[in-house]
Amino acid sequence: IKGKKAFDDEDYLEAIEFFKFVKNKFPYSKYSIEADLYLADCYFKRDKYLEAAEAYENFVKLHPRHPRVPYAMFQVAACHFEKIPSDWFLIPPAYEMDQAETVITINKLRKYLRNWGQHEKAKEARRMLAECLKRMAQRSMYVLDFYRSRRRYQAVVWRADEILSKYSGVGFDEEALMRKAQALVELEQPGEATKAISQLLSRFPQGRYADDARQLLQQVQRQVQRQAQAKQSTGKKTAGGKPVDGKPGQKPENSKSGEHKK
């Protein structure tokens, strides 16, 4: 009772001492189980997210059939979510660390939603998941623009595909399709470029890139015509090449100092 009162009064340090006392004094009582979860909550409230995540996970391991397990699993994900800096995408040197933490959060949230999609925290979990996916898409778009500025068009295509496959639906699909199509034009792959443009116009017919996509499609069509003309011209040269010594198909004779070899 004293521990709960201290917790409600936001005196988390004092609450921790009470809950630890209960765990040590009455290790096999139902109050000890409650104390385990309250301890994790105290760490979370004090922004001790690493300690809190470990405490929640230990609670699940020790009491796998407890009705508060879904809550504890949500809180594990919340701990990792809170460790992601809100301005992480403004600091390129921190990308690798932040990416790893965000990926962990995504995996934890998906596991929670897969098992307890109707839990009272599920709505909040979906909001958090959408934000994490958006942040990952922002990072991929940042890297895509980096490669685009350096004319590394195949890398642009790969990053666009990453956004479209892993982070679709969070607000970057249209731009990713446009950048992919532009890169494919630079790579002289008009067939694939046409597919990307068609997909963009089908999904976003009134989008901000729709007019640019239609203009790009005309450029692709001209590229196809040029490739066809070049292929036709090459075919003509191959079929009607210049004759050798006045006779088509005749091989030149090997000679040295104007004399034929015997």
Side-chain angles (χ1 to χ4, degrees), residues 4 7 12 15-16 19-20 23 27 30-92 94-144 158-173 176:
K4 289 182 179 180
F7 183 86
Y12 301 119
I16 287 173
F19 293 132
K20 284 183 176 179
K23 281 173 56 62
K30 66 177 183 178
Y31 300 111
S32 178
I33 298 175
E34 288 185 46
D36 282 334
L37 197 55
Y38 267 113
L39 276 172
D41 286 339
C42 286
Y43 294 136
F44 185 85
K45 293 292 187 180
R46 296 190 65 234
D47 300 337
K48 303 292 185 180
Y49 299 120
L50 187 62
E51 294 90 334
E54 184 177 0
Y56 286 122
E57 288 179 335
N58 285 337
F59 175 84
V60 174
K61 290 177 183 177
L62 293 172
H63 317 291
R65 300 183 182 279
H66 196 278
R68 299 299 305 280
V69 163
Y71 166 78
M73 289 303 298
F74 168 80
Q75 286 297 112
V76 171
C79 288
H80 290 285
F81 182 82
E82 292 295 336
K83 289 174 66 179
I84 303 171
S86 60
D87 60 346
W88 71 280
F89 53 89
L90 298 177
I91 312 173
Y95 270 153
E96 290 303 318
M97 178 188 68
D98 294 324
Q99 180 190 21
E101 196 64 58
T102 307
V103 169
I104 291 172
T105 305
I106 289 171
N107 292 335
K108 296 291 185 182
L109 287 168
R110 282 176 170 166
K111 181 178 179 180
Y112 163 78
L113 289 169
R114 186 166 57 249
N115 291 305
W116 302 287
Q118 303 303 316
H119 185 249
E120 61 183 8
K121 293 288 187 178
K123 183 177 180 181
E124 186 175 356
R126 292 187 180 94
R127 179 193 63 79
M128 291 162 60
L129 179 59
E131 185 172 337
C132 287
L133 293 174
K134 184 176 181 179
R135 291 181 177 186
M136 292 298 294
Q138 284 176 320
R139 178 185 184 278
S140 292
M141 187 58 70
Y142 176 89
V143 177
L144 183 154
W158 290 336
R159 285 295 175 174
D161 284 338
E162 179 182 59
I163 293 170
L164 294 167
S165 62
K166 293 184 178 181
Y167 315 122
S168 181
V170 296
F172 294 89
D173 291 24

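- Taking CZ of Phe81 as the reference point, atom OG1 of Thr102 lies at 9.0 Å (rounded to 0.5 Å).
- When all heavy atoms are compared, the tightest approach of Thr105 to Ala77 is CG2-O, 3.9 Å.
- Leu37 is not listed as a side-chain neighbour of Ile33, based on a closest heavy-atom distance of 4.5 Å or more.
- A salt bridge (Lys or Arg N to Asp or Glu O under 4.0 Å) with Glu101 is found for exactly one of Arg139, Lys108, Lys83, namely Lys83.
- Side chain of Arg159 to main chain of Tyr142: no donor-acceptor pair is present (N/O by atom type, distance under 3.5 Å, no hydrogens or angles).
- Taking a 6.0 Å sphere around CD of Glu57, one finds it holds more than 12 heavy atoms contributed by other residues, nucleotides or ligands.
- Contact detail for Leu133 and Lys166: the closest heavy-atom pair is CD2-O, 4.2 Å.
- Glu162 places none of its side-chain heavy atoms less than 4.5 Å from the side chain of Val143.
- Between Trp116 and Lys121, the closest side-chain pair of non-hydrogen atoms is not below 4.5 Å.
- Of the charged side-chain nitrogens involved, none lies within less than 4.0 Å of a carboxylate oxygen, so that Lys30 and Glu34 do not count as a salt-bridged pair.
- Using cut-offs of 30° and 60° for the angle between ring planes, the Phe7 and Tyr38 rings count as perpendicular.
- For the pair Phe59 and Val76, the minimum side-chain heavy-atom distance is 4.5 Å or more.
- Distance check: Trp158 CH2 to Ile163 CD1 gives 15.0 Å after rounding to the nearest 0.5 Å.
- Side chains of His80 and Ile84 form no contact here, defined as non-hydrogen atoms less than 4.5 Å apart.
- Annotation: the span from Lys48 atom NZ to Arg46 atom CZ amounts to 5.5 Å, rounded to 0.5 Å.
- The distance from the OG atom of Ser140 to the CG atom of Asp161 is 11.0 Å, given to the nearest 0.5 Å.
- Using a 4.5 Å cut-off on side-chain heavy atoms (C-beta onward), Lys111 and Asn107 make no contact.
- If you take CG on Leu50 and OH on Tyr43, they are separated by 11.5 Å, rounding to the nearest 0.5 Å.
- Tyr71 has its side chain within reach of Tyr56: a pair of non-hydrogen atoms, C-beta onward, lies under 4.5 Å apart.
- Using a 4.5 Å heavy-atom cutoff, the side chains of Met136 and Val103 are in contact.
- Closest approach of Gly117 and Arg126 over heavy atoms only: O-NH2, 3.0 Å.
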Inset, instruction - Could you walk me through whether Arg135 and Gln138 pass side chain to side chain contact (heavy atoms under 4.5 Å, CB included), step by step? - result: CA-CA 5 Å; Arg135 291 181 177 186; Gln138 284 176 320; 4.2 Å; yes
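- Here the shortest heavy-atom pairing between Ala137 and Val170 reads CB-CG2, 3.8 Å.
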Inset, instruction - Take Asp47 and Tyr49, measure what side chain to side chain donor-acceptor pair (under 3.5 Å) needs, and give me the verdict at the end. - result: CA-CA 5 Å; Asp47 300 337; Tyr49 299 120; 2.9 Å; yes
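- Here the closest non-hydrogen pair linking Val60 and Ala72 is CG2-CB, 3.8 Å.
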Legend entry - Pair Asp173-Tyr167, side chain to side chain donor-acceptor pair (under 3.5 Å): steps then yes or no: CA-CA 8 Å; Asp173 291 24; Tyr167 315 122; over 6 Å; no
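- Remark: Ile104 CD1 to Cys79 SG distance equals 12.0 Å, nearest 0.5 Å.
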Inset, instruction - Show the numbers, then the answer: is there a side chain to side chain contact (heavy atoms under 4.5 Å, CB included) between Phe172 and Leu164? - result: CA-CA 8 Å; Phe172 294 89; Leu164 294 167; over 6 Å; no
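- Between Phe19 and Ala35, the shortest heavy-atom contact is O-CB, 3.7 Å.
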